[in-house]
Every structure is written in structure tokens, then in C-alpha cells.
Amino acid sequence: MNGLSDPTMPRPRLDPASFQERLLAWFDQHGRKNLPWQQAISPYRVWLSETMLQQTQVATVIPYFQAFTESFPTVEALAAAPIDEVLRHWAGLGYYARARNLHKAAQRIAELGGFPDTLEGLMALPGIGQSTAGAILSIAFNNSHPILDGNVKRVLTRLNAIGGWPGQSQVSKSLWALSAELTPSVRAAEYTQAIMDLGATLCTRSKPLCLACPVSADCQAYRQGNVSAYPSRKPPKTLPIKACFLLLLYTPDQRIYLEKRPPTGIWGGLWSLPEFAALNAAEDWCLSRNLLIKQRHSLASKRHTFSHYHLDYTPLLVQIENPTNNVMEAEQALWYNSAQISGLGLPAPIKTLLQQFNTDY
DNA sequence: AAAACGGGGAA
DNA sequence: TTCCCAGTTTT
């Protein structure tokens, strides 16, 4: 036990002034200060770089930023440019709605006669939310405003061992509160750059360099030896539900109609029951084959869960009079003796269904 | 193969 | 309010 991970150790109170001091001292010594958007700092250049960096790594952004600012050196130039020209400069960065927002916002800023210098004014522009607005205000205007981009979320969830997915509103709320608490009123611009830098270069998603971190003494996740647990992952989204009818066609002598599934996709190449999206599609299928239906009823629906969706299937039991071979379709279908189902490659839920059918009928 | 990224807009 | 999405890169 190295003491660092002893959960019974009392938590030292996080002191914002001390945190800021160590972070800024680290930034002074190790921070990145030569990135293109850190030169000739202006609201326009900060806004543009923040927008580009939302989705892309620094190294990728640099040439785009340079080409973009060369063609559109000011927000007025951007506003005056045709949208096609703007999109052409964005090509390859993805999220093209952002280029359109950028252009739209530039036109509004031009109409206003300059950049808004308030949170509300900035957030009223398309494509600028609270975090981007905070970055512009702190970096370009040196006003004290918190930000909460992906890097800062990672730093702060680790710092206070804040569990739960940051996209959750309650978690996001505590992160904003912590970000605000830690943002100093002096050196706001440098602080904002510093905490983003820390997240980008030391407090990385994987293999964080905690031994080089200036604030590891404040870091609850580090003390717990649990840094990689933060931030919590986005919960897997609820799976979509697909529904179908499975036709269990059987003869008086207990033979069952099976079809070979196409080689790719779900249950590729396995033998299974004919599958229909709708009841009348199943009926049509029987009618078109001139099957004489002796009796029919459906069983209760069941659910089978795949990695990416739920399949709710309703078995349709249809007994036919004539065990003909006119439903045979080359090598793709067969009548199978229901007492010997184990010899074929059957999907698990189909196998279960057939076993149940065997027992009950 | 899956997660991450910040904001907009649909539900 | 909450949920879902966009495109590309990284893991």
C-alpha cells in the first residue's frame, strides 16, 4: 500500500489559488505558445481555431488554419466570401455544418460592426456555445470566463474524481461549477490555455503522464490510483428494436420447413425459419405456394438481443396438409424432421424455438 | 470496432 | 429538457 491509493486518507481541500499557481508555473515553462492562433491573437482567430479544434487534432488543424486565415484574414473577409469558397477551405475537416455556421456568424458579426464581448452576445451566434464563448472571452479579451471542452472535462473529472458521464446534465453542472471555481480573475487567458494544454499533453485519455503533472497532488483520481476510470464513458445507447414474424411451417408428420439464410448479415449461412416483416407478407408467401393450411396460430413474441439491436420475433405456427416439395427452392430450403434438429447449423433462438415446438406439439 | 469531440435541432 | 446526430481520428 503506497498511501496514495488509501481511500481512508482524508481528502485535502482543493485550493484554487494554489492550483492556479502550479498550473501557470508549469505553463510558463512547458506550455505551447507558438501555435499559429497564439500569434496575433484576436477574437476572430481564437474563434476560428476553437471551432476547428473542436473536432480535430492540433497537427491537422495547423495547415487548415493557415490557409483559412490567408484567404479570409478578417471576419469581414469571411462574411463577404461565397459559402462555396468557405466550404472548399473546410473540406477534409468534417462536420461541415460548422463551416456554414462560421460563415453565418461572420455575416452577423459584420452587421454588428464587430465581435460581441459578452457571453450572451457570443452565444447568440450560430456555432458558438458556452465553452467556445468562454474561450473567446478569456483568451482574446482576457476576461475571466470558464471553459469546458473535452480536455478540461478530462482534467476536472480526474481532479475531483467526478464519476458519471460528463454528457449527463448533473455531471456537466458540477464540472462547470468546478471550472468556474478554478478560473482565476488574473491571467485568465494564460490559465485557459494552460488547462487545455495540460489536458492535451499530460492528462491525456490514455497513458496520462501523471509523474510530470504539476497538479497531481490535488488529483483525487491519482490518489485513488484510478486515473483511467475518468471520465466515465458514455453509456451505451439503448438498442433499436426490430420486429419480425418467423414462419414455423410444419406437416402432420412433424417436418419443419427451413431456409438457408444469405451468406452475409445476421445469421449468415445458417438454416432458419422464413422471416417476414409483416403478417400479411407471411400469408402471401403461403398463398403463392398453394399451401393448404390445416391450422394456424401465433405464439407469444420473444426477444433476442444482438450487439446492435433487439429482435422481437413472433413465431407463426402453420400446419399444412400436404408435405409437398413445391416449396423446395434449389439448395436453399428443406423439410427437416423436427426430432433431429441438432444436426444443422441453427441460430440459438431458432434452435430453442424448435426444441420448444418439439416438446409442445 | 468503438469512442471522442461541441453545438444545433428534433423529440 | 433530453436525445441524437455529424465526420474524422485515435485507440
Side-chain angles (χ1 to χ4, degrees), chain A residues 37 46-65 67-68 83 86-109 116 119-139 145-158 162-176 179-180 192 195-209 227-241 264-266 305-309:
Chain A
W37 44 91
V46 171
W47 170 46
L48 179 61
S49 65
E50 284 300 315
T51 305
M52 287 181 166
L53 288 164
Q54 279 167 12
Q55 62 207 33
T56 315
Q57 298 260 102
V58 166
T60 310
V61 163
I62 289 174
Y64 279 90
F65 181 86
F68 204 98
I83 180 63
V86 178
L87 286 169
R88 193 172 63 72
H89 281 77
W90 203 267
L93 279 177
Y95 283 95
Y96 300 99
R98 286 159 202 245
R100 289 189 286 273
N101 282 337
L102 209 60
H103 188 237
K104 235 182 278 173
Q107 295 180 328
R108 292 208 202 154
I109 292 164
L119 194 67
E120 297 70 29
L122 286 167
M123 288 179 67
L125 297 168
I128 299 183
Q130 191 178 353
S131 189
T132 304
I136 295 169
L137 287 170
S138 61
I139 297 173
H145 277 273
I147 66 161
L148 193 61
D149 71 356
N151 286 321
V152 177
K153 283 177 190 167
R154 196 166 50 250
V155 171
L156 297 185
T157 52
R158 289 172 176 173
I162 296 174
W165 177 54
Q168 221 180 330
S169 58
Q170 213 171 339
V171 178
S172 170
K173 211 175 147 189
S174 20
L175 289 171
W176 272 109
S179 181
T192 297
I195 195 162
M196 290 193 296
D197 249 28
L198 186 76
T201 64
L202 295 187
C203 196
T204 47
R205 183 144 65 100
S206 58
K207 303 180 188 171
L209 304 171
V227 171
S228 64
Y230 301 93
S232 295
R233 285 188 172 174
K234 180 188 172 119
K237 66 173 176 184
T238 53
L239 303 178
I241 299 169
T264 59
I266 289 298
T305 299
F306 295 100
S307 59
H308 50 311
Y309 65 87

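In what follows, chains are A, B, ... by sequence order, proteins preceding strands, each numbered from 1.
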Asks: Could you give the NE2-to-P distance, from A:H103 to B:dG7, as a whole number of Å?
Replies: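 After rounding, the gap between these two atoms is 21 Å.
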Asks: Could you check A:R205 against A:Y95 and say which one's nearest nucleotide on DNA chain C is further toward the 5' end?
Replies: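 The 5'-side residue here is A:Y95.
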Asks: With DNA chain B as reference, determine whether A:S232 or A:N101 sits nearer its 5' end, using the nearest nucleotide of each.
Replies: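 Counting from the 5' end, the first nearest nucleotide belongs to A:S232.
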Asks: Would you compute the distance between atom CD1 of A:I162 and atom OH of A:Y230 and round it to the nearest 0.5 angstrom?
Replies: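 That separation rounds to 9.5 Å.
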Asks: So which one's nearest nucleotide on DNA chain C is more toward 5', A:S206 or A:G94?
Replies: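 The residue whose closest nucleotide sits nearer the 5' end is A:G94.
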Asks: Rounded to whole angstrom units, what separation is found between the CD atom of A:Q130 and the P atom of B:dG8?
Replies: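 For the pair A:Q130 CD and B:dG8 P, the rounded distance is 12 Å.
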Asks: Please determine if a side-chain N or O atom of A:Q57 lies less than 4.0 Å away from the OP1 or OP2 oxygen of C:dT10.
Replies: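 It does, given that an N or O in the side chain of A:Q57 lies less than 4.0 Å from OP1 or OP2 of C:dT10.
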Asks: Across the strands shown, which category fits A:L125 at heavy-atom distances under 4.0 angstrom: base, sugar-phosphate, nothing?
Replies: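 Contact class for A:L125: sugar-phosphate only.
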Asks: Expressed in whole Å, how much space separates the P atoms belonging to B:dA10 and C:dG7?
Replies: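 Their P atoms lie roughly 15 Å apart.
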Asks: Name the nucleic acid region contacted by A:R154, choosing base, sugar-phosphate or nothing; use a 4.0 angstrom heavy-atom cut-off, strictly under.
Replies: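 Sugar-phosphate, backbone atoms only, no base.
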Asks: Taking any heavy-atom pair under 4.0 Å as a contact, classify A:T60: base, sugar-phosphate, or nothing.
Replies: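 No contact.
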Asks: Of the candidate nucleotides B:dG7, C:dG7, B:dA3, which contains the atom at the shortest distance from the side chain of A:R233?
Replies: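 Selected nucleotide: B:dA3.
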Asks: For a quick test of reading the model, state the closest non-hydrogen atom pair linking A:S232 to A:P166 and the distance between them.
Replies: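 Smallest heavy-atom distance, with atoms named: O-CD, 3.6 Å.
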Asks: In whole angstrom, what separates A:K173's NZ from C:dT2's C1'?
Replies: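 For the pair A:K173 NZ and C:dT2 C1', the rounded distance is 15 Å.
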Asks: Could you state the atom-to-atom distance from CH2 of A:W90 to C1' of C:dA6 in whole Å?
Replies: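 Nearest whole value for this atom pair: 13 Å.
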Asks: Tell me what A:K153 touches on the nucleic acid: a base, only sugar-phosphate, or nothing, going by heavy atoms under 4.0 Å.
Replies: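 The residue A:K153 makes sugar-phosphate contact but no base contact.
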Asks: What's A:L148 touching, base or sugar-phosphate or nothing? Going by heavy atoms closer than 4.0 Å.
Replies: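 If one applies the 4.0 Å heavy-atom cut-off, A:L148 turns out to touch nothing in the nucleic acid.
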Asks: For A:L53 and C:dT8, give me the distance from atom CG to atom C1', rounded to whole Å.
Replies: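 Checked: the CG to C1' distance equals 14 Å.
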Asks: According to a strict under-4.0 Å criterion, is A:T56 in side-chain N/O contact with OP1 or OP2 of B:dC5?
Replies: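 It does not, given that no N or O in the side chain of A:T56 lies less than 4.0 Å from OP1 or OP2 of B:dC5.
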Asks: Please state how far atom CE in A:M52 lies from atom P in C:dG7, giving the value in whole angstrom units.
Replies: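 After rounding, the reported distance stands at 16 Å.
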Asks: Taking the side chain of A:Q54 as heavy atoms from C-beta outward, which of B:dA3, C:dT2, B:dG7 is closest to it?
Replies: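 Comparing B:dA3, C:dT2, B:dG7 against the side chain of A:Q54, the answer is B:dG7.
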Asks: Which heavy-atom pair separates A:M196 from A:D149 by the least distance, and what is that distance?
Replies: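 Looking at all heavy atoms of both residues, the closest pair is SD-OD2, 3.4 Å.
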Asks: Send over the distance from A:L48 CG to B:dG7 P, rounded to a whole Å.
Replies: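 Roughly 15 Å, once rounded to whole Å.
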Asks: What is the distance, to the nearest angstrom, from the CD atom on A:Q170 to the P atom on C:dT1?
Replies: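 Result: 13 Å.
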Asks: For the residue pair A:T132 / A:Q54, report whether a side-chain donor-acceptor contact shorter than 3.5 Å exists.
Replies: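 The criterion, which ignores hydrogens and geometry beyond distance, is satisfied for A:T132 and A:Q54.
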Asks: Between A:V46 and A:I136, what is the shortest heavy-atom contact and its length?
Replies: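 In terms of heavy atoms, the two residues are closest at CG1-CA, 3.9 Å.
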Asks: For A:P126 and A:K104, which heavy atoms make the closest approach, and how far apart are they?
Replies: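 Reported closest heavy-atom pair: CG-CB, 4.0 Å.
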Asks: Between B:dA11 and C:dA6, how far apart are the P atoms? Round to whole Å, please.
Replies: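 Per the computed distance, 13 Å lies between those P atoms.
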